[in-house]
Amino acid sequence: GAGVSQTPSNKVTEKGKYVELRCDPISGHTALYWYRQSLGQGPEFLIYFQGTGAADDSGLPNDRFFAVRPEGSVSTLKIQRTERGDSAVYLCASSLYGRAQAGSTGELFFGEGSRLTVL
Amino acid sequence: EDKVVQSPLSLVVHEGDTVTLNCSYEVTNFRSLLWYKQEKKAPTFLFMLTSSGIEKKSGRLSSILDKKELSSILNITATQTGDSAIYLCAVGNAGNMLTFGGGTRLMVKP
């Protein structure tokens with residue numbers, strides 16, 4: 001697609017429920033990132049995919065968070081047993097090159113985000 | 001742990017004013033510093049800086065990196081209401097892991 005697409009744009013759920021957030025990166029971009037942005041703060045890194053594999057998941061806050069990218073394109077961020085503290089905007093970004101690849105500049109192209117509200 | 005600090009946290013100016021936003025960082029194996037503008041949800045790329053002292057310019061916006069002082073500034077001249085946004089600074093390390101600062105919220109009043 002022309003840009004990074006994220007769905008849903010808004011999700012309201014109850015504490016304890018399971019949610020899935022989807023990201024469709026720019027066509028041809030091999031690297032995909034998930035960030036979380038709480039109100040008044042900058043984006044916080046969660047996980048980075050190079051192709052199908054999670055090359056760096058050091059930012060995932062705990063084992064309730066999981067992400068997949070089975071075919072190296074679309075990615076899904078999954079949150080189990082949601083808590084009120086999970087409320088944030090979840091941003092997905094993609095880049096043409098992976099983090100350590102020649103040509104990589106570090107520039108990321110962001111989607112519009114999915115705003116998650118846990119009641 | 002890599003760290004990026006932006007100042008001021010927020011700023012209110014009137015159209016036509018000039019503003020300077022600051023970003024300072026502590027990062028292992030610095031590779032690049034990037035500025036993004038975030039109006040509603042998606043941050044949009046403004047500049048990437050890798051070399052000290054070389055100004056990058058785009059219209060009324062310009063930015064420069066000082067590797068000795070571990071900092072960068074973003075200047076906006078002749079501000080317009082459309083410049084109102086959160087400006088994010090991010091620093092990339094050798095692995096191109098980006099660490100973002102908390103942002104500066106700029107409001108430009110007519």
Do Leu60(A) and Phe66(A) belong together in a cluster built from hydrophobic side chains that touch within less than 4.5 Å? no
Tell me, for Gln37(A) versus chain B, whether the close heavy atoms (under 4.5 Å) come from the side chain, the backbone, both or neither. side chain
Shortest non-hydrogen contact from Gly42(A) to Leu88(B)? CA-CD2, 4.0 Å
Looking only at heavy atoms, the pair that brings Lys41(B) and Leu91(A) closest together is O-CD2, 3.8 Å
Would you mind telling me which of Arg105(B), Lys40(B), Gln38(B) has the largest number of heavy-atom pairs within less than 4.5 Å of chain A? Gln38(B)
Is it the case that one hydrophobic cluster holds both Leu46(A) and Leu32(A), taking links as side-chain heavy atoms less than 4.5 Å apart, direct or via other members? yes
Ranked by heavy-atom pairs below 4.5 Å to chain B, first place among Glu44(A), Gln6(A), Arg115(A), Glu112(A) goes to Glu112(A)
Between Gln6(B) and chain A, with a heavy-atom cut-off of 4.5 Å, which part of the residue counts as in contact: side chain, backbone, both or neither? neither
Determine yes or no for a side-chain-to-main-chain donor-acceptor pair under 3.5 angstrom, with Tyr36(B) supplying the side chain and Leu108(A) the backbone. yes
Is Tyr35(A) close to Leu98(B) at the side-chain level, that is, under 4.5 Å between some pair of heavy atoms? yes
Should Val13(B) and Leu21(B) be counted in the same cluster of Ile, Leu, Val, Met, Phe, Trp and Tyr side chains packed under 4.5 Å apart? yes
Is the number of heavy atoms from other residues, nucleotides or ligands under 6.0 Å of Leu119(A) CG greater than 12? yes
Going hydrophobic residue to hydrophobic residue with side-chain gaps under 4.5 angstrom, can you get from Leu33(B) over to Phe45(B)? no
hydrophobic_cluster_shared for Leu11(B) and Tyr87(B), side chain cutoff 4.5 Å: yes
Heavy-atom count check: over 12 atoms from other residues, nucleotides or ligands less than 6.0 Å from Lys15(A) NZ? no
Grab the two heavy atoms, one from Ala42(B) and one from Phe110(A), that are nearest each other, plus how far apart they are. CB-O, 3.9 Å
